[in-house]
Protein chains: 2
Amino acid sequence: MQVSFAVQVVLTRVAAQQDLSLTQLRLLGILRDRTPSMAAIADFLELDRSSITGLIDRAERRGLVARRPSPSDARVTLVEATAVGLELASRIGAEVGASIEQLLAGSSATARASIEKLAASLPQP
Amino acid sequence: MQVSFAVQVVLTRVAAQQDLSLTQLRLLGILRDRTPSMAAIADFLELDRSSITGLIDRAERRGLVARRPSPSDARVTLVEATAVGLELASRIGAEVGASIEQLLAGSSATARASIEKLAASLPQP
DNA sequence: TATTGTTATACTCTATAACTATA
DNA sequence: TATAGTTATAGAGTATAACAATA
């Protein structure tokens with residue numbers, strides 16, 4: 001639990017530096033390599049679909065993402081990161097990586113291996 | 001990060017089962033063995049003092065905590081868990097412990113030792 | 001009929017700024 | 001003057017229920 005909270009503090013701090021919430025940070029992470037539907041985003045984040053509407057509204061207002069109609073199903077709206085959003089996502093990814101690395105700075109190779117093994121045993125990410 | 005999110009999912013689920021937010025869950029955890037001032041709670045949770053007013057209002061409305069004047073300083077309000085709040089905190093503590101234990105079910109003794117060592121190396125909890 | 005996304009509504013959580021009561 | 005707590009206000013995040021458009 002301590003480890004968990006330490007990581008959350010790191011993520012929250014990195015997000016706050018870019019004036020983002022943890023949810024917006026996770027959204028950008030999802031959009032780095034995908035262009036999911038609203039429903040798919042709700043599934044990823046385990047939120048109700050009605051919550052996604054506002055989330056995407058706010059991200060769109062900031063120019064980080066854009067809505068696009070699905071070519072195959074007129075009911076579906078796809079969401080993609082803009083160039084600005086992708087750039088920010090990339091910057092955040094690097095920052096998070098560095099911060100986690102720093103968190104692990106004092107831990108041995110065997111400790112890291114143990115944690116990786118634990119992570120692998122967890123329910124699907 | 002995977003480990004961190006897995007723990008957060010556990011905590012959020014346990015809190016939701018009792019119709020509590022993660023913040024209310026943390027509050028109850030704090031009050032298990034303390035009767036802090038409003039300001040001290042703000043420090044623990046790293047939130048603004050104005051946020052604590054509403055947090056305690058809602059917990060008080062649910063009968064989980066009670067405000068009490070400080071005997072030594074008339075400006076200070078102390079917060080203590082009620083019997084109901086303590087009972088709930090205890091139940092939640094057991095539930096969280098069991099869930100984390102389950103999360104670690106497949107991991108070896110050396111893996112656990114590594115994680116404990118990492119936790120010990122982290123900035124003060 | 002079932003699914004997708006939105007709207008309307010309500011609540012929690014959080015912060016900033018202004019205020020009061022006390023020290 | 002400085003500190004503790006509250007209020008007013010604003011915004012993000014979240015859910016439930018009802019709805020329109022499409023499949």
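Chain letters run A, B, ... following the sequence lines, proteins first and then strands; every chain starts at 1.
Here the P atom of nucleotide dG13(D) and the CD atom of E46(A) are 17 Å apart, to the nearest Å. Distance L27(A) CG to dG13(D) C1': 13 Å, rounded to the nearest Å. One interatomic measurement links the two molecules: CG of D43(A) to P of dT4(C), which rounds to 9 Å at whole-angstrom precision. Distance CG (L25(A)) to P (dA12(D)): 17 Å, rounded to an integer number of Å. Going from atom CE of M38(A) over to atom C1' of dT3(C) covers 14 Å, rounded to whole Å. Rounded to an integer number of Å, the gap from CG of L55(A) to P of dG13(D) is 6 Å. Taking atom CZ on R62(B) and atom P on dC11(C), their separation rounds to 14 Å, with Å as the unit. For the pair D48(A) CG and dA10(C) P, the computed distance is 17 Å after rounding to whole Å.
At a cut-off of 3.5 angstrom, the base of dT14(D) holds no donor-acceptor pair with the side chain of S50(A).
Among dT22(D), dG5(D), dT14(D), the nucleotide with an atom closest to any side-chain atom of L47(A) is dT14(D). Distances were taken from every side-chain heavy atom of R49(A) (C-beta onward) to each of dT4(C), dA15(D), dT7(C); the shortest belongs to dT4(C). Distance from the side chain of R75(B) is smallest to dA2(D) among dA2(D), dT14(D), dA23(D).
Looking at E60(A) and V79(A), their side chains never come closer than 4.5 Å, going by heavy atoms from C-beta outward. Side-chain contact between L20(B) and I92(B) is present, with at least one heavy-atom pair separated by less than 4.5 Å.
Note on R58(A): a side-chain N or O is less than 4.0 Å away from OP1 or OP2 of dG13(D). Close to dT6(D), at under 4.0 Å from its OP1 or OP2, lies a side-chain N or O of R67(B). For S51(B) and dT14(C), the shortest distance from a side-chain N or O to OP1 or OP2 is not below 4.0 Å. Listed pair T23(B) / dT14(C) meets the phosphate criterion, a side-chain N or O lying under 4.0 Å from OP1 or OP2.
The nearest heavy atom of DNA chain D to T53(B) and to S72(A) marks one nucleotide each, and the one closer to the 5' end goes with T53(B).
Side-chain atoms of T12(B) come within 3.5 Å of backbone atoms of Q8(B) as a donor-acceptor pair (strictly under, hydrogens ignored).
Looking at every heavy atom in both residues, R62(B) comes nearest to Q18(B) through NH2-O, 3.3 Å.
As judged by a 4.0 angstrom heavy-atom cut-off over every strand, T77(A) is placed among residues touching the sugar-phosphate backbone only.
Considering L55(A), V76(A), L78(A), T77(A) as possible partners of M38(A), the one that fulfils the side-chain contact (heavy atoms from CB on, under 4.5 Å) test is T77(A).
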